[in-house]
Amino acid sequence: MNIRTFTKLAAGAALIAVTAGAAKAQEGVEVLHWWTSGGEAAALNVLKENLEKEGISWQDMPVAGGSGVQAMTALRARVTSGDPPTAVQMLGFDIKDWAEMGVLGNLNDLAEEQGWDKVIPAALQEFSKFDGDWIAAPVNVHSTNWLWLNKAALDKAGGEAPKNMDELFALLDKFKEQGITPLAHGGQPWQDGTLWESVVLSVGGMDFYKKAVIEADPDALSSETMRQVFDDMSKLRTYFDPNFSGRDWNLSTALVIEGKAGAQQMGDWSKGEWLRADKKPGEDFVCIRFPGTQGSVLFNSDQFVMFDVGEDKRDAQLKMAAAVEDPAFQIAFNTVKGSVPARTDVPDAEFDDCGKKGMKDLAEAAASGNLAGSLAHGHAQPSAVKEAVFDVVTQHLNGQITTDQALERLPQAVASAQ
Ligand code: BGC
């Protein structure tokens, strides 16, 4: 073989190798998400590793910021520049918005093959389907009306879990006497909103939550019940530490884990941080429904939507969606994340006590009509209304407006955002 023939053959072989490499590299997903805390990243790794085992490469696009506010801004920028990511973590009404724009891939064939209709609860299908088509694969069900307590601090305070707002205030007083921060809160609009919706549910009950938050009824939004909610928010504010402003939720969880604070009101993603710190429910921490909300569940569900980014990406997208709905994955992921499965046919055996309670509460609340979408996490109202509520709640919590002003502004802000 002369050198020219050899060079030609070598070049050809190299070309084939490059092309094969390129084809292999295409079998991948770029995933935009906001799972950047320790517990969240650990859960995400479960998915990443499952896909990598199947030969699907993972290009990470993390955008930090609880509840996905910043992630959604980053997504809009990517779509505007004509380059949407292949898969995106998304919540409730945002899914509907993008579906309406006709930019999401259709998952009907996969959903039919795997029988999603039978195992994904109706409350989630409401957001996973658009005009009857499957356009999102739900990963989990989270719930926001939880209170996370440091067990040692609770024991020192008498060990009784508070069952209503008065008992909560009494417990927070005891934490204050212990010299710790009674309530670890991070002052960011979405966290203020997460606390507020639990207080709305506690003070008013589920019917009131539905009227005020789901139906955005102006009378409910300016009612005496809502006055009580804002008064309780002002009182809760007195139990925060001086550094609460702007603090990320996971840093507040860390304060409770370290025993520097007694409690945190937060969704059950908080449990992911406790587990990551090697802490055990019932031994190191206690999970209870936010006082006064027992029997009711405010939920949100992380779902992955697949942007319509071309046929060459479709196979990887479908493999990712299929992996997400795999029952074994649902257990492996949700036991780490703090959420519960998005499928109703997954056994609870491998879940800890908080997870078992979460699954039981969810099923019972769904059956009794006591399940409603979380406003702060995109399952009660479109983003514009959610943000209008955040504005009023945050200004009030920070003492920039009075309760009278909040009651006057809340229905106005909601109406002008609708
Ligand atoms: C998401 C969770 C996430 C939390 C904090 C929520 O909106 O549903 O998955 O852990 O925000 O970032």
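When a ligand or atom number is given, it counts from 1 through the structure's own listing order.
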Trainee: Distance to 0.1 Å, residue and atom name: give those for the protein heavy atom nearest to atom 7 (O) of ligand 1.
Mentor: H377 ND1, 2.7 Å
Trainee: Give the numbers and elements of all ligand 1 atoms closer than 4.0 Å to a heavy atom of L91.
Mentor: 7 (O), 8 (O)
Trainee: Does an N or O from W34, backbone or side chain, lie closer than 3.5 Å to an N or O of ligand 1?
Mentor: yes
Trainee: Who are the side-chain hydrogen bond (donor to acceptor under 3.5 Å, both in side chains) partners of W146, not counting sequence neighbours?
Mentor: D268
Trainee: Going by heavy atoms in the side chains, are T293 and S202 under 4.5 Å from each other?
Mentor: yes
Trainee: Between ligand 1 and N300, is the shortest N or O to N or O distance under 3.5 Å?
Mentor: yes
Trainee: Note the single closest protein heavy atom to atom 1 (C) of ligand 1, along with its residue, its atom name and the distance in Å.
Mentor: D302 OD1, 3.3 Å
Trainee: From the options K271, R276, Q264, select the one residue that forms a side-chain hydrogen bond (donor to acceptor under 3.5 Å, both in side chains) with T253.
Mentor: Q264
Trainee: Which option, E40, K337, H33, owns the non-hydrogen atom nearest atom 5 (C) of ligand 1?
Mentor: E40
Trainee: Distance only, no hydrogens: is a donor on one side chain within 3.5 Å (strictly under) of an acceptor on the other, for E408 and Q405?
Mentor: no
Trainee: For W98, enumerate each residue passing the ring-ring contact (aromatic ring centres under 6.0 Å, His included) test, keeping only those at least two apart in sequence or located in another chain.
Mentor: F307
Trainee: Could you list the atoms of ligand 1 found under 4.0 angstrom from a heavy atom of H142?
Mentor: 2 (C), 8 (O), 9 (O)
Trainee: So which bit of N140 gets within less than 4.0 Å of ligand 1, heavy atoms only: side chain, backbone, both or neither?
Mentor: neither
Trainee: Taking atom types as modelled, find out whether H377 and T194 have a side-chain donor-acceptor pair closer than 3.5 angstrom.
Mentor: yes
